[in-house]
Amino acid sequence: MHHKLTLTALLSVSLGLTGVAHAELTPTTVKQDSLTVQEVATGLDYPWGLAFLPDARMLVTERSGQLRVIDSKGTVGDPIKGVPEVAARGQGGLLDVVLSPGFEKDRMVYLAYAEEGEDKKMGTVVGRGVLSENADALSAFEVIFRQMPKLSTGNHFGARMVFDRDGYLFIALGENNERSAAQDLDKLQGKVVRLNADGSIPKDNPFVDRQDARDEIWTYGQRNPQGLALHPQTGAVWSSEHGPRGGDEVNLAEPGKNYGWPLATAGINYSGMKIPEAKGARVEGTEPPLYEWKKSPAISGMAFYTGDVPQWQNSVFFGALASRDVIRLTLDGQTVTAEERLLVERKERVRDVRVGPDGMLYVLTDDSNGKLLRVSPK
Ligand SMILES: [Ca+2]
């Protein structure tokens with residue numbers, strides 16, 4: 001413990017001296033024996049998203065299309081009825097789940113998922129339904145948002161959701177692996193959109209006065225954002241996204257701003273070739289990330305830490321698929337001062353992380369025998 005704190009302190013000092021705010025830091029690794037890791041549930045089919053109900057039970061999505069309740073003892077419920085049919089193909093399927101800000105009264109559950117169109121192309125869809133009192137069925141499910149036109153052949157749906165303090169719904173949308181669409185303001189690929197809770201468009205969205213732009217758009221130039229979270233102190237929306245080969249990013253999602261993809265990226269194509277549209281890692285007129293990784297961990301779900309664990313204060317966690325661990329960044333305002341890797345020895349792909357009402361970290365692993373883990377320092 002003392003060793004870790006010293007390293008963190010050293011990193012902070014060296015950052016201050018060099019004045020490099022956005023540089024990638026050398027991560028420290030948390031030893032497994034310093035953590036308590038409980039396998040709350042196993043046997044989940046590629047679980048993707050998790051939302052805590054007010055009674056501390058959890059709603060968990062499985063990519064193949066099931067929404068289930070899991071209680072704190074790990075009892076996994078039958079699939080909840082009334083969930084729409086999803087296109088479970090490639091990276092598509094049943095993806096994120098969030099509760100309405102007024103859930104205690106309206107019992108509304110929002111689902112993000114992939115849908116197939118008539119031409120077999122796929123896109124991200126968000127809908128909502130009312131969860132029955134015994135949590136076994138959704139009723140009156142209605143689609144409130146569709147990523148149209150659909151461009152995906154199975155990749156890059158994004159699909160994380162978050163409500164802000166004013167009750168606006170933000171949805172992170174992948175570019176469907178059609179790079180240039182992320183810069184097209186007449187398309188919904190590679191964007192974060194902002195909607196009212198019923199799916200209507202807020203009148204003060206940044207592009208509502210522009211004829212050539214979709215009114216839903218809040219930010220653009222994202223690649224495949226799979227993390228979206230509300231900063232607990234500032235209330236700002238933060239996003240995270242997969243780069244190509246290299247160039248995973250953490251960004252603020254500020255209205256009307258261009259987050260660069262594919263013009264600006266620290267990554268290259270999987271083939272080893274340069275991204276054709278890329279002009280560099282930093283391009284004028286685009287927002288640099290708050291933090292980026294030159295070697296992609298493939299970061300997915302993100303969660304700011306809001307519990308009482310002292311050494312996790314001022315932190316944001318990410319699940320990482322390729323590096324098979326959990327990443328914790330220490331923040332000083334918007335500056336990342338340290339990076340730490342947890343659950344490294346387990347070597348499991350991590351899809352989502354959430355902070356429970358008990359202050360522990362809940363982790364979904366991405367596997368046909370997917371697990372829900374509960375993690376806390378010893
Ligand atoms: Ca970017």
Side-chain angles (χ1 to χ4, degrees), residues 20-25 91 124 147 151-152 155-160 162 170-185 187-194 206-207 213-214 216-229 231 236-270 273-302 316 318-323 327 329 331 334-336 339:
V20 179
H22 300 148
E24 187 173 351
L25 303 168
Q91 299 167 351
T124 303
Q147 190 183 34
L151 300 178
S152 177
N155 293 319
H156 299 187
F157 296 96
R160 206 61 78 175
V162 72
F170 293 78
I171 310 166
L173 298 166
E175 38 71 302
N176 292 179
N177 210 18
E178 292 288 338
R179 289 188 304 268
S180 59
Q183 292 291 323
D184 295 342
L185 292 176
K187 295 196 179 70
L188 294 171
Q189 277 74 17
K191 309 296 186 307
V192 173
V193 297
R194 176 186 184 244
F207 296 112
R214 295 290 296 255
E216 297 93 329
I217 296 172
W218 182 252
T219 64
Y220 64 109
Q222 275 98 355
R223 183 174 178 272
N224 190 19
Q226 294 205 344
L228 205 55
H231 191 290
V237 176
W238 289 41
S239 72
S240 66
E241 68 181 67
H242 287 188
R245 185 161 147 186
D248 286 14
E249 300 180 349
V250 181
N251 291 301
L252 275 177
E254 294 190 317
K257 290 190 174 171
N258 180 358
Y259 287 88
W261 178 254
L263 306 174
T265 176
I268 55 173
N269 255 328
Y270 292 105
M273 301 292 281
K274 180 178 172 299
I275 303 292
E277 300 86 351
K279 298 190 174 95
R282 298 286 179 270
V283 174
E284 206 179 327
T286 70
E287 296 299 310
L290 293 180
Y291 193 70
E292 72 193 321
W293 288 267
K294 295 226 162 51
K295 182 169 189 276
S296 292
I299 49 174
S300 189
M302 70 184 283
V316 58
F318 302 86
L321 296 160
S323 60
I327 299 173
L329 299 180
L331 300 171
Q334 294 175 10
T335 303
V336 177
E339 177 179 342

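Indexing begins at 1, ligand by ligand and atom by atom, following the structure's order.
Counted by atom type alone, Gln147 and Asn176 present one or more donor-acceptor pairs between their side chains at under 3.5 Å.
The number of heavy atoms from other shown groups lying within 6.0 Å of NZ (Lys274) is above 12.
Atoms of the protein (N, O or S only) found under 3.0 Å from the Ca ion (ligand 1) are Glu249 OE1, Glu249 OE2, Tyr259 O.
Annotation: salt bridge (Lys or Arg N to Asp or Glu O under 4.0 Å) contacts involving residues 236-254, sequence neighbours excluded, comprise Glu254-Lys257.
His156 NE2 to Leu151 CG: the interatomic distance, rounded to the nearest 0.5 Å, is 13.0 Å.
No salt bridge links Glu216 with Arg194; every basic N to acidic carboxylate O contact stays at or beyond 4.0 Å.
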Applying ring-ring contact (aromatic ring centres under 6.0 Å, His included), run through Trp218 and Tyr220 and close with a yes or a no. CA-CA 7 Å; Trp218 182 252; Tyr220 64 109; over 10 Å; no

